[in-house]
Amino acid sequence: MPAKSKAQQRAAGAALSAKRGETSPDALWGAAREMFDSMTEAELEDFAATPLKGLPDKLEDD
């Protein structure tokens, strides 16, 4: 499943970095922390690999 916004893609990238041990999980907050806790590395890779071109900066709340 690809990311639906640039913010979501960036949060997935941060969570993936922590999941791989490249950064500390303590540095994560908000959506990145939730993704780290609830998603597998494969799921995070899928989100983080989404090209940014054409994505909105953030998703609008309904």
Side-chain angles (χ1 to χ4, degrees):
M1 167 189 285
K4 295 180 181 174
S5 71
K6 291 177 184 178
Q8 192 178 50
Q9 190 268 354
R10 290 181 184 122
L16 180 60
S17 177
K19 203 56 111 165
R20 290 179 174 168
E22 297 166 358
T23 58
S24 171
D26 294 335
L28 300 177
W29 54 276
R33 183 61 193 209
E34 290 178 24
M35 290 174 142
F36 174 81
D37 291 336
S38 66
M39 297 176 76
T40 66
E41 188 173 334
E43 290 171 322
L44 291 169
E45 285 175 358
D46 193 30
F47 270 77
T50 305
L52 292 176
K53 186 175 183 175
L55 291 179
D57 289 332
K58 298 175 40 171
L59 290 179
E60 296 297 324
D61 292 332
D62 291 337

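For this chain, numbers begin at 1 and follow the sequence in order. Values below: all heavy atoms of this structure, side chains included; hydrogens, waters and symmetry mates excluded.
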Sorted by first residue and then second, give each salt bridge (charged side-chain N to carboxylate O under 4.0 Å, His left out) pair with at least one member in residues 43-52; sequence neighbours left out. Arg20-Glu45
What residue pairs, at least two apart or across chains, pass salt bridge (charged side-chain N to carboxylate O under 4.0 Å, His left out) with a residue in residues 23-38? Arg33-Asp37
Would you mind writing out the side-chain donor-acceptor pairs for residues 4-14 within the sub-3.5 Å range, not counting sequence neighbours?
{"from": "Ser5", "atom 1": "OG", "to": "Gln8", "atom 2": "N", "distance (Å)": "3.1"}
{"from": "Gln8", "atom 1": "OE1", "to": "Lys4", "atom 2": "N", "distance (Å)": "2.6"}
{"from": "Gln9", "atom 1": "NE2", "to": "Ala48", "atom 2": "O", "distance (Å)": "2.7"}

At what distance, to the nearest 0.5 angstrom, does CE of Met35 lie from CZ of Phe47? 5.0 Å
Separation between CD of Glu22 and CG of Leu16, rounded to the nearest 0.5 Å: 7.0 Å
